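These numbers were taken from a predicted model, which means no experiment stands behind them. By convention in this document, chain letters (A, B, ...) are assigned in the order of the sequence lines, proteins followed by strands, and residues within each chain are numbered from 1.
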Amino acid sequence: VKLAGARDVAEFAAKSPDAHRGFVQQLFHHMVKQPAAAYGPSTLEDLRRSFAKSEFNIQKLVVEVAKTAAMHKTSPPKGAAARKDT
Amino acid sequence: MTRSFQISAPPLELFIDDVVWSDKSDYRQLLLADHLLLNQRLAKFYGVKVEGEDEFSKVSFDPRQRSGVLTHPFLLSAFAYHKSSSPIHRGVFLTRNIVGRALKPPPMAIEFMDGPFRSQPYHAREGRGTDAPPPPVKAVTQSLTRLASASRTMTPLAAIAPKTTKNPLTPPASTAPPMAKA
């Protein structure tokens with residue numbers, strides 16, 4: 001890869017999965033104050049995939065990061081379905 | 001120039017806010033945008049004209065010269081010395097944080113190795129790391145021999161201490177506390 005100038009670096013980063021992963025990682029750390037790896041080995045890659053799928057929408061990524069942090073190690077309350085039925 | 005901004009944050013933060021809170025909120029615009037937010041004072045510095053006095057306005061530049069946060073003056077000045085550029089600081093930041101890649105360790109030629117440079121016998125007071133090899137027995141023996149011979153020729157402390165007839169442990173009369181009577 002040959003890069004000459006800031007524009008080349010920017011265009012390379014805009015298309016590079018490594019750069020996307022780095023951005024996700026920094027945003028995650030900024031918001032949660034923990035590394036993404038602390039929330040599971042596949043968390044970072046899942047977020048990167050979701051980020052790419054949303055056309056690199058930062059607001060949606062913020063929502064995904066918040067969801068990941070809030071829902072970590074949580075499960076639906078027991079009997080929630082039964083209470084709904086009654 | 002399509003939109004003006006109130007002065008509430010530095011231009012870099014205004015630029016990031018503008019991208020993040022736009023409809024598309026596109027991460028790629030942080031890298032590829034060719035505009036800067038300038039007020040009258042900054043516009044004068046860059047040699048362009050903007051409307052308004054204190055409001056920040058979008059000003060487009062040559063895309064070959066400007067590329068998002070990468071060429072933003074705040075970022076460039078943050079990774080530079082006060083009088084000169086610092087391509088190494090900027091390059092490390094770009095590689096690790098923008099491009100998301102790791103840097104290779106430095107070459108072996110500039111590795112600092114203190115072991116081979118030791119020509120004097122080891123002295124315990126110098127201290128050493130736990131990884132350092134133990135000093136050779138011969139060197140320790142020589143060191144101890146030198147220490148023993150030096151101690152024999154040393155002047156005793158009593159010989160150079162000021163001579164006094166008083167007991168040094170006895171405090172002066174003026175400051176001595178009164179003795180309690182039984």
Side-chain angles (χ1 to χ4, degrees), chain A residues 1-70, chain B residues 9 11-36 46 59-80 85-104:
Chain A
V1 178
K2 288 186 178 178
L3 304 171
R7 174 62 55 178
D8 282 2
V9 175
E11 287 178 356
F12 175 77
K15 296 174 187 170
S16 164
D18 287 335
H20 305 156
R21 195 176 295 110
F23 181 76
V24 172
Q25 194 165 20
Q26 287 191 60
L27 185 68
F28 194 98
H29 200 275
H30 178 76
M31 289 177 63
V32 185
K33 311 298 180 200
Q34 293 282 334
Y39 287 76
S42 65
T43 301
L44 185 60
E45 194 56 28
D46 292 344
L47 287 170
R48 187 201 64 78
R49 217 174 287 126
S50 149
F51 186 43
K53 196 176 174 183
S54 70
E55 288 294 313
F56 304 103
N57 189 307
I58 301 170
Q59 292 180 30
K60 288 182 181 175
L61 177 62
V62 168
V63 172
E64 288 299 318
V65 169
K67 269 168 57 183
T68 303
Chain B
L12 179 59
E13 291 182 19
L14 287 176
F15 170 72
I16 293 171
D17 274 356
D18 181 45
V19 172
V20 171
W21 301 115
S22 64
D23 290 341
K24 287 188 176 178
S25 189
D26 194 342
Y27 148 81
R28 292 167 293 191
Q29 281 302 306
L30 289 176
L31 303 171
L32 300 172
D34 60 358
H35 64 266
L36 286 174
Y46 281 96
V59 179
S60 292
F61 286 86
D62 183 358
R64 291 170 298 177
Q65 296 292 324
R66 297 286 161 193
S67 189
V69 293
L70 269 62
T71 55
H72 198 284
F74 272 40
L75 192 133
L76 295 177
S77 59
F79 292 97
S85 176
S86 176
I88 293 179
H89 284 108
R90 206 163 57 247
V92 169
F93 171 77
L94 288 176
T95 307
R96 287 182 176 163
N97 298 292
I98 301 293
V99 186
R101 305 291 286 265
L103 290 163
K104 285 196 295 186

Item to check | Aromatic ring pairing Tyr27(B)/His20(A), orientation class (parallel under 30°, perpendicular over 60°, tilted between) | outcome: perpendicular
Item to check | Smallest separation among heavy atoms of Asn57(A) and Asp23(B), with atom names | outcome: ND2-O, 4.3 Å
Checklist entry - Under 4.5 Å, heavy atom to heavy atom, which residues of residues 64-71 of chain B contact chain A? => result Arg66(B), Ser67(B), Leu70(B), Thr71(B)
Checklist entry - Mind checking which of residues 5-19 of chain A sit less than 4.5 Å from chain B, heavy atom to heavy atom? => result Ala6(A), Arg7(A), Val9(A), Ala10(A), Glu11(A), Phe12(A), Ala13(A), Ala14(A), Ser16(A), Asp18(A), Ala19(A)
Checklist entry - What residues of residues 94-103 of chain B sit under 4.5 Å from chain A when you count only heavy atoms? => result Asn97(B), Ile98(B), Val99(B), Gly100(B), Arg101(B)
Next on the checklist: To the closest 0.5 Å, what do you measure between CZ (Arg28(B)) and CD1 (Ile58(A))?
Outcome noted: 10.5 Å
Checklist entry - About how many Å separate OG of Ser22(B) and CD of Gln59(A), when rounded to the nearest 0.5 Å? => result 7.0 Å
Item to check | Positions in residues 21-28 of chain A that reach chain B, provided some heavy atom is under 4.5 Å away | outcome: Phe23(A), Gln26(A)
Checklist entry - Is there side-chain contact between Val20(B) and Val62(A), with heavy atoms separated by less than 4.5 Å? => result no
